[in-house]
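In this text the structure is predicted, and so the values were computed from the model without any measurement.
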Amino acid sequence: MNSELIKQLTLGPNGLPYTIPIHPNLVHLTLGLFIIAIAFDFVGVFFPLEKPVFKFFAIPATRSGLFDVGWYNMLAAAIITFFTVAAGFYEIMLAQPQTEVKSAWGLEAMETMLWHGVGGVVLLAMIIGMTVWRGFQRYLWRKDTSRQVQWSYLLVGLFIMFIMYVHGTLGAQLAAEFGVHNTADNLLRLGQDPNVLLK
């Protein structure tokens, strides 16, 4: 965005009109919900092998309960990811990254922001697709079977986790290497001491 337009806003030391960036917090909520959904579906698939362990530790687990956790976490991940992507685009419009550096991957700031933005939309589509797929398995295709999810669903979930890792690394590079919405980094660039101002 045009830096003259950004100057019309009252921005804090992190380059945002609020104290704590929203996007990184929602990102971690999305990641947690998605990973828990896939993890509990894996535990549900292997439940017959794990049943003695649950019994030994007196954990009252049921296979259907594990699949319930998988379904509701996937549904929540799909809903939260809309807000994650929206907050990301809002915050990226206000970004003023350092232009004289390159990331560890050899990308410049604009390339990193573009890949991270496009990747966020692609991940949103993937998570929604996984939620729809999971819903069909739960309510139509496998509603009468004890194993509620297909192996292909779980494998695609693992692949999406890898994409999330790559995508998250781009986001981390934006903050750590380009100083995007990093309060301490921005204060140092302004010649101020973050230890004094952030007490």
Side-chain angles (χ1 to χ4, degrees), residues 14 16 18-47 50 54 59-95 105 112-176 180-182:
N14 62 1
L16 295 169
Y18 36 85
T19 308
I20 299 171
I22 296 170
H23 177 69
N25 293 302
L26 291 178
V27 162
H28 289 91
L29 184 56
T30 292
L31 287 171
L33 290 168
F34 187 86
I35 292 168
I36 288 170
I38 298 298
F40 270 82
D41 281 339
F42 264 108
V43 173
V45 166
F46 291 113
F47 184 73
E50 301 154 350
F54 287 127
I59 299 172
T62 62
R63 194 174 207 186
S64 63
L66 296 168
F67 286 131
D68 285 346
V69 174
W71 162 245
Y72 287 113
N73 274 273
M74 187 59 72
L75 183 63
I79 293 167
I80 290 297
T81 305
F82 279 103
F83 297 102
T84 303
V85 171
F89 274 102
Y90 174 71
E91 291 180 2
I92 211 166
M93 287 189 317
L94 297 176
W105 290 358
T112 305
M113 287 193 300
L114 286 172
W115 279 112
H116 190 64
V118 170
V121 174
V122 169
L123 276 171
L124 171 62
M126 288 178 164
I127 291 171
I128 291 169
M130 288 291 283
T131 306
V132 170
W133 188 4
R134 183 69 173 82
F136 274 112
Q137 291 175 90
R138 179 178 173 89
Y139 293 109
L140 293 176
W141 302 336
R142 305 183 68 84
K143 68 178 181 177
D144 297 325
T145 62
S146 61
R147 185 169 57 89
Q148 204 175 90
V149 294
Q150 301 164 316
W151 280 106
S152 55
Y153 169 83
L154 294 173
L155 294 175
V156 170
L158 290 176
F159 174 72
I160 291 174
M161 282 188 216
F162 172 74
I163 299 297
M164 287 177 166
Y165 166 75
V166 172
H167 181 71
T169 302
L170 287 172
Q173 289 172 351
L174 283 172
V180 173
H181 306 310
N182 186 325

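Looking at every heavy atom in both residues, Ile160 comes nearest to Met130 through CD1-CG, 3.4 Å. In plain terms, the two heavy atoms of Ala37 and Asn73 that are nearest each other are CB-CB, 3.8 Å. In plain terms, the two heavy atoms of His116 and His167 that are nearest each other are O-CE1, 2.7 Å. Pairing each heavy atom of Leu124 with each of Phe82, the nearest pair is CD1-N, 3.9 Å.
For the side chain to side chain contact (heavy atoms under 4.5 Å, CB included) criterion with Leu26, the lone passing option out of Thr81, Thr84, Leu31 is Thr84.
Counting only heavy atoms from C-beta outward, the side chains of Val27 and Met164 never approach each other to under 4.5 Å. For the pair Ile38/Met74, a side-chain contact is recorded, criterion being any heavy-atom separation below 4.5 Å from C-beta on. Two residues are said to be in side-chain contact when any heavy atoms from C-beta on lie closer than 4.5 Å; Val122 and Ile163 fail this criterion. A 4.5 Å side-chain heavy-atom check between Phe83 and Ile22 finds every atom pair outside the cut-off. Counting heavy atoms from C-beta on, the side chains of Leu75 and Trp71 come closer than 4.5 Å.
Not counting sequence neighbours, the partners of Tyr153 by the ring-ring contact (aromatic ring centres under 6.0 Å, His included) test are Trp133.
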Using the side chain to side chain contact (heavy atoms under 4.5 Å, CB included) rule, take Thr30 and Leu123 through it: C-alpha gap first, then chi angles, then the decisive distance, then the call. CA-CA 10 Å; Thr30 292; Leu123 276 171; over 6 Å; no
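Stacking of Arg134 on the aromatic ring of Phe34 is not recorded, the 6.0 Å distance cut-off and the 45° axial limit not both being met.
Taking OH of Tyr72 as the start and CZ of Arg138 as the end, the distance is 5.0 Å to the nearest 0.5 Å.
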